Amino acid sequence: MRKDNAKSPIDRVEGGKYEQINRAIVSIWPHPPINHYFCSMSLVKTIQANVLKALTSIYSGSFTEKDFQINQTKPEFEGDYTIVLFSLVKSLKLSPETIGAQLGEQLIQQNPALFTAYNIIKGFLNLSIADAYWQGLLENQHNDRCYGKQAMNGKKVMVEYSSPNTNKPLHLGHLRNNFLGWSVAEILKANGYEVLKSCIVNDRGIHICKSMIAWQRFANGATPESTGMKGDHFVGDYYVKFNDAFKAEVKDLVEKGMSEAEAEKNAPILLATQQMLHDWEAGEPAVMALWKKMNGWVYEGFDVTYRTIGSDFDQTYYESDTYLLGKDIVQKGLQEKVFFKKEDGSVWIDLTADGLDEKLVLRKDGTSVYITQDIGLAQQKYDQYQIDKSIYVIGDEQNYHMKVLKLIAQKLGLPYADDIYHLSYGMVELPSGKMKSREGTVVDADDLVAEMIETAKNHTEALGKVKDFSPAELEALYQTIGLGAMKFYLLRVDPKKKMIFNPEESIDFHGFTGPFVQYTYARIKSILRKDAPGKSTAPKSPLLKLEKEVLYVLEQFPSIIEAAAIELNPSVIANYLFLLAKTFNSFYTEHSIGNAETAEKKHLRLQLSVMTANVIQSGMQLLGLSVPERM
RNA sequence: GGUCCCGUAGUUCAAUGGAUAGAAUAGAAGUUUCCUAAACUUUAGAUCCAAGUUCGAUUCUUGGCGGGACUACCA
């Protein structure tokens with residue numbers, strides 16, 4: 001049953017499609033992006049290789065990494081990593097205990113420098129890793145700024161994100177999009193890709209004309225300058241004014257006896273808007289001038305927002321340039337019988353065999369539709385930059401559209417078809433449901449940013465730790481913390497899932513948050529201003545439990561960066577950083593760093609602090625967050 | 001109608017088919033002569049329902065129930 005068949009066209013405009021220019025996860029990242037790290041193989045991979053070698057030498061036969069799993073050992077058991085043996089039981093026809101004992105013995109014999117002990121509980125072989133391994137990692141990598149990052153791999157990726165409409169300001173949904181796009185770009189760079197960030201601006205169309213008409217009629221020449229308003233908000237207000245006027249006209253016509261459906265089609269202001277769109281397409285000078293003027297205002301507003309939140313693009317596309325693209329591709333496809341023409345002259349593709357519908361690609365008047373433009377733009381991106389992968393950060397409501405786009409490209413045999421990837425993310429919803437401008441429930445991006453910075457200010461002042469900061473330093477700090485809280489909040493959730501934002505409850509600064517991680521960093525830096533790890537040749541004493549726990553987490557950073565790239569999922573990084581900060585904080589409260597028991601311990605703990613700070617800093621950078629030296 | 005997505009503590013989020021389902025927050029109780037208490041410690045609290053596959057299911061399959069998105073000669 002259709003849910004929205006009662007809605008008027010204007011409802012759909014407000015609550016639906018135009019609201020989100022975000023467009024469609026259908027395909028899978030075809031292969032893990034990289035094979036080796038700058039420095040050394042990850043511990044899990046090392047264990048994997050050792051287990052494979054041991055299995056082969058004990059049981060003779062061929063094994064693959066799929067024959068067993070390696071998990072972190074649960075804290076209630078002795079050991080660091082665990083081999084799950086169940087899947088070997090069938091093929092080897094031995095009990096898990098036997099396999100475990102034989103494998104454990106062999107591993108220790110084979111690599112006594114790495115494995116020190118094992119125990120078997122049920123089908124789980126728990127392995128203990130030598131202290132020397134962790135100590136070596138720390139000694140070698142603690143101040144390696146490239147830790148976890150990979151060498152350039154020669155592949156080029158374009159990440160398209162943000163993609164605003166020029167008839168209204170950015171809202172919370174755009175923020176999720178922007179932060180995701182930015183972070184994914186950073187994550188891919190860390191994995192060795194050359195990344196191009198792009199943005200398609202939806203700067204034309206009936207919705208833009210609505211703001212223009214409303215301004216013409218109601219503004220009396222007012223400008224952002226004359227009203228002191230930010231340009232995008234200024235224009236957005238006229239978009240709202242259009243809708244108010246439209247509704248009033250419809251109501252009026254209905255009272256005069258017209259049916260509601262008729263009235264919605266014939267409201268004078270709507271007809272005027274449609275005329276304006278025609279004039280725009282015809283290049284009518286006055287309309288073009290107005291269009292340029294108003295879009296200019298919006299861009300000035302967007303620039304301010306983008307600068308504040310830290311978004312930028314290597315390439316901006318404008319729909320006014322691209323909306324005619326793709327027609328030649330359709331003509332070619334028509335010849336190749338990928339498309340077919342209906343009697344009225346419109347051109348379609350039949351996707352019913354793929355479980356989809358027939359889709360229009362060219363109107364009967366020969367003009368292109370959204371999907372046609374997107375094919376054209378995809379082609380242009382490929383021609384222009386020879387990209388190996390094209391990622392579209394677009395909301396999940398456009399899953400269908402993006403599926404169609406990819407499918408059409410594949411059927412046309414376009415070389416980049418398989419490299420189109422829709423990074424589909426869920427909407428940000430309010431506790432009451434979707435944000436609706438008609439109900440005034442849209443959370444404005446600028447307002448939210450300002451509120452977060454204000455909250456950061458209040459918290460900071462209440463704590464009074466940075467009273468010696470200059471006003472400029474304070475402002476920078478508030479921004480770092482406020483934006484940090486907001487970015488972390490939006491990125492810590494799996495992008496695929498929709499998330500709920502409650503405007504009544506302000507975004508937290510405690511717990512699983514950006515400021516928590518930032519605070520951990522600032523506290524470490526405070527120690528490192530007084531002390532730095534020098535050289536130590538003292539024999540190493542055994543690692544304490546909490547020291548090892550921090551190292552255990554630090555060791556995983558390279559694998560985490562890789563996993564985040566394979567999944568295109570910044571929340572992997574956010575979860576990791578929180579775990580790291582929490583683990584370090586536990587260590588920090590329990591053990592003194594500056595006044596450690598021995599010089600050797602002090603040295604080790606300072607190195608541990610340096611490495612933790614470095615990893616926090618690079619990890620936060622992958623999320624688009626900066627870290628303060630003090631807070 | 002069709003296609004797709006989602007149902008986990010009061011709330012917001014985790015969990016490549018693995019051990020006793022993790023966190024955060026809200027609740028209860030503690031920790032400051034010592035490196036930043038935006039921290040730390042303890043405590044209580046959850047897999048929508050029903051079958052199936054499996055040594056093992058939050059995860060996979062099927063069927064319910066509940067929520068959402070899409071299904072325009074709009075972009």
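Keep in mind that this is a model prediction, so the values were computed, not measured. Just so it is clear: chains get the letters A, B, ... in the order the sequence lines come, proteins before strands, and each one is counted from 1.
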### Task
Give F501(A) one of three labels, base, sugar-phosphate or nothing, depending on what nucleic acid heavy atoms sit under 4.0 Å from its own.
nothing

### Message
Tell me if the side-chain of S346(A) makes a donor-acceptor pair with the base of C73(B), cut-off 3.5 Å, by modelled atom types.
### Response
yes

### Message
With a 3.5 Å limit on both atom pairs, tell me what U41(B) is paired to, counting Watson-Crick and G-U wobble, or say none.
### Response
A29(B)

### Minimum-distance nucleotide (side-chain atoms of K497(A) versus A19(B), U36(B), A14(B))
A14(B)

### Message
How many whole angstroms separate atom CE of M499(A) from atom P of C6(B)?
### Response
17 Å

### Task
Would you mind classifying the nucleic acid contact of L362(A) as base, sugar-phosphate or nothing, using non-hydrogen atoms under 4.0 angstrom?
nothing

### Message
Within a 6.0 Å radius of atom NZ on K341(A), are there more than 12 heavy atoms belonging to other residues, nucleotides or ligands?
### Response
no

### Message
Within the 3.5 Å criterion, strictly below it, is a donor on N585(A) or T520(A) matched to an acceptor on the partner's side chain?
### Response
yes

### Task
Round to the nearest Å and state the distance from R529(A) atom CZ to C35(B) atom P.
14 Å

### Task
Please determine, for the side chain of R523(A), which listed nucleotide (A75(B), C73(B), U36(B)) has the closest atom?
U36(B)

### Selection from C35(B), G67(B), C73(B) that lies nearest to any side-chain heavy atom of Y588(A)
C35(B)

### Message
Under a 4.0 Å threshold between the charged nitrogen and the carboxylate oxygen, would D494(A) count as salt-bridged to K496(A)?
### Response
yes

### ring centroid sep under 5.5 Å plus plane angle under 30, F512(A) with A23(B)
no

### Message
Please give the distance between the C1' atoms of C48(B) and G7(B) as a whole number of Å.
### Response
6 Å

### Query
Taking the same atom, C1', in G45(B) and in C6(B), what whole-Å distance lies between them?
24 Å

### Task
Please give the nucleotide sitting opposite U36(B) as a Watson-Crick or G-U wobble pair, both distances under 3.5 Å, or none.
none

## Note on the structure
Rounded to whole Å, CE of M631(A) lies from C1' of A37(B) at a distance of 13 Å

### Task
Can you tell me the distance, in whole Å, between the NZ atom of K93(A) and the P atom of C55(B)?
15 Å

### Query
Closest nucleotide of RNA chain B for I121(A) versus for F516(A): which of these residues is on the 5' side?
I121(A)

#### Entry: Of N71(A), D80(A), N119(A), the residue whose pairing with N126(A) passes side chain to side chain donor-acceptor pair (under 3.5 Å)
N119(A)

### Query
In whole Å, what is the span from the CG atom of D494(A) to the P atom of A15(B)?
7 Å

### Message
Could you tell me how far apart K582(A) (NZ) and A24(B) (C1') are, to the nearest whole angstrom?
### Response
9 Å

### Message
What contact category does T367(A) fall into here, base, sugar-phosphate, or nothing, at under 4.0 angstrom with non-hydrogen atoms?
### Response
nothing

### Query
To the side chain of S586(A), which of U41(B), U71(B), A69(B) is closest?
U41(B)

### Query
Which nucleotide, A19(B), A15(B), C40(B), lies nearest any side-chain atom of F124(A)?
A19(B)

### Task
With P as the reference atom in both, quote the distance from G22(B) to A9(B) in angstrom, rounded to an integer.
15 Å

### Task
Would you check if F86(A) stacks with the base of G18(B), given a 5.5 Å centroid limit and a 30° plane limit, both strict?
yes

#### Entry: Interatomic distance at P, U58(B) relative to A51(B), whole Å
14 Å

### Query
Is the shortest distance from a Lys or Arg side-chain nitrogen in K45(A) or E562(A) to a carboxylate oxygen in the other one below 4.0 Å?
yes

### Message
Pairing donors with acceptors under 3.5 angstrom, does anything connect the side chains of Q607(A) and H603(A)?
### Response
yes

#### Entry: Integer angstrom distance from the P of G64(B) to that of U3(B)
12 Å

### Message
Quick check for you: among C13(B), C35(B), C73(B), whose closest atom lies nearest to any side-chain atom of V493(A)?
### Response
C13(B)

### Task
May I ask you to decide whether E319(A) forms a salt bridge with R204(A), counting only side-chain N to carboxylate O separations under 4.0 Å?
yes

### Task
Sticking with atom C1', work out how far C65(B) lies from A50(B), rounded to a whole angstrom.
11 Å

